[in-house]
Amino acid sequence: MPAPAHTTPDPQGTATPDPQGTATPDPPGTATPEPQGTATPPEPRGAAPAEAVTPLMRGVAVLRRLTEAGGALSPSGLERATGLARSTVDRITATLAHMGYVRLEGRDGRAVVLTPRLMELGNAYLAALRLPALLDARADALADELDESVSLAVGDRDGIRFIHQATRRRAMSLSFRIGDLLPAERTAPGPLFATEWTPEEWRSWRERRARDPQDTGFPAIPPRRHTDPDDFAERTARAARDGWSLDDQLIEPGLVAVSVPVRDPATGRIACVASVVSHTSRHSADNLRTALLPRLRETVAAMERDLREPPPPRAAPAPSDLATWTAASKQELGREFVESLARGLTVLTAFGEDRPALTLTAAAKATGLARATARRALITYEHLGLVRHSPDTHTFSLTPRVLSLGFPPLSRTSLARIAQPHLEDLAAEIHESASLAVLTPSAEEIQYTARAATTRIMSVDITVGTRLPAHATALGRALLTSAPDTPGEVSPRPYSLVDAELEAGLRAIAVPIRDRAGRTVAAADIATHAARHTPEECVTLLLPPLRETAARIEADLHTASRFTHVPAT
């Protein structure tokens, strides 16, 4: 989100309701209960605690509905999906847009679209968990060795969520995403997690099965074809006895998987479950067990050794001065900015690799919020199942359910998708065409992967997919000259300017796009006719907004790629 501004937090230190009434419930009838059978797990059944922050609960509901819809909905669609009044939806989405978590597209914001920035919430959970960072290399290596998909999953109540995927690119490949929720009984990891369920958790599972027999609350999978609740108990007993579990086409025909638990060396309990997933055209379930289970067990043993002696957690800066930023935003935007929602969401970002569990005081210190404000947010999250409270240590920690806030649809994004809205903003600002391109494997050509054209009688007409010689284009030179072993110019960001070398009258200026490791992975440019801008004007007028756009693309790329692979296209 934008850099915090300097103001003061609430005088009493609490997340006070907006003076216009954002923290008060809508009139009776505007927030209708969700009917059974909708494509979402049931919300908490008990009444919300008196100290829960109503706008925060509503904001979470909006983010979940956007997630379930694949990342985009119209305001009227959100109104129907959440049961909230349209004015409430508009203020929530305006606040989320100001935070950079959604984008309002089309005339009058006719579409609300999740942005990669929202992934910082799921990143906070995955960083605090540490398992993806510690184990993903082992999973990726096994996938390469077996030429099969390998996943890591954690338990989420009576379901499972993926925290890492190493998939194979095939005509028939897996569509599961990091953060997707699956019912435990239709997976290979599920019986393993169920070996540690309490009687209350088994009771909750049976209630969910009776309430939703077709699994309509799990949009990541097709509806159930057949069911036998007692079979899951039997599979759980076998998993407890054998130490592994098998999925023989439980999710859909043709999909098979074998799973082994990765245990926490300190407690002996299951930290996560590693799975090898294939298709019956390659392996039957029995063949998967006999051929691949031994190698999976060896990898799990290596994973457990890694967990016994992990490297020290890496310290990361905490999000500070959020109280001052939200207060300044409220002053700037007035009624359209729901301050208690913004403050509540920022509490999730206080967690991280070196802060997996926080006391109230630590959460307040990390965010710059008053202790009472942090307390109300954490109470709300505990009610929603996003945070777990440990009375013995007086600490709070994030749960896998945080991944339900936008992570699944965003985890399958590409650099081209990330760049497209930023290029469109740039083109609208400067009234010139803007593009993104990558080098081809030979490094002799560039290929355009994203583009935003401008409306002019005479404009640069290049389509996505076009290939051009790298040496004759600004994009190609930005890619070639900003390689790690090539010294760049002494400037905030090296640039390349090409004047009429590819075509007479065509002038372009480009800058590199770098990934989290500082490697140049793409370049962005502005192309114009020579009659509209001199070379000097390209540098003085076009380069600054181009650099700003490249920085925004990089910021989104760095957030999106922290725990997921972001392809170029």
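Computed from heavy atoms alone, side chains included, the values below leave out hydrogens, waters and symmetry copies.
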Any side-chain donor near an acceptor of the partner, Thr349 and Glu120, under 3.5 Å: no
Side chain to side chain contact (heavy atoms under 4.5 Å, CB included) between Leu84 and Val62, worked out: CA-CA 9 Å; Leu84 297 172; Val62 166; 4.2 Å; yes
Just to verify, what does Thr380 make a side chain to side chain contact (heavy atoms under 4.5 Å, CB included) with, not counting sequence neighbours? Ala52, Val53, Leu56, Met57, Leu384
Results of side chain to side chain contact (heavy atoms under 4.5 Å, CB included) for Ser259 - residues two or more places apart only: Ala188, Pro189, Leu192, Val273, Ser275
Who pairs with Thr395 by side-chain hydrogen bond (donor to acceptor under 3.5 Å, both in side chains), at least two apart in sequence or on another chain? Thr393
Non-neighbouring partners of His389 that pass ring-ring contact (aromatic ring centres under 6.0 Å, His included), sequence neighbours left out: Phe396
Just checking Phe193 against Trp205, ring centres under 6.0 Å apart? no
For Asp306, give me all partners under salt bridge (Lys or Arg N to Asp or Glu O under 4.0 Å), at least two apart in sequence or on another chain. Arg138
In chain order, what residues pass the side chain to side chain contact (heavy atoms under 4.5 Å, CB included) check against Arg203, with sequence neighbours excluded? Glu200, Glu207
Those residues at least two apart in sequence (or on a different chain) that pass salt bridge (Lys or Arg N to Asp or Glu O under 4.0 Å) with Glu304 are none
May I ask you to decide if Gly159's main-chain N or O and Asp156's side chain share a donor-acceptor pair within less than 3.5 Å? no
Arg295, CZ: over 12 other non-hydrogen atoms inside 6.0 angstrom: yes
Could you list the residues that satisfy salt bridge (Lys or Arg N to Asp or Glu O under 4.0 Å) with Asp136, not counting sequence neighbours? none
Taking everything shown except Arg375 itself, do over 12 heavy atoms lie less than 6.0 Å from its CZ? no
Set of residues satisfying side-chain hydrogen bond (donor to acceptor under 3.5 Å, both in side chains) with respect to Glu252, sequence neighbours excluded: none
Heavy atoms, side chains only, cut-off 4.5 Å: are His164 and Asp140 in contact? yes
According to ring-ring contact (aromatic ring centres under 6.0 Å, His included), who are the partners of Tyr125, at least two apart in sequence or on a separate chain? none
Partners meeting side chain to side chain contact (heavy atoms under 4.5 Å, CB included) with Pro311 (sequence neighbours left out): Arg130, Leu134
Going by heavy atoms in the side chains, are Leu114 and Leu63 under 4.5 Å from each other? yes
For Arg103, give me all partners under salt bridge (Lys or Arg N to Asp or Glu O under 4.0 Å), at least two apart in sequence or on another chain. Glu105, Asp425
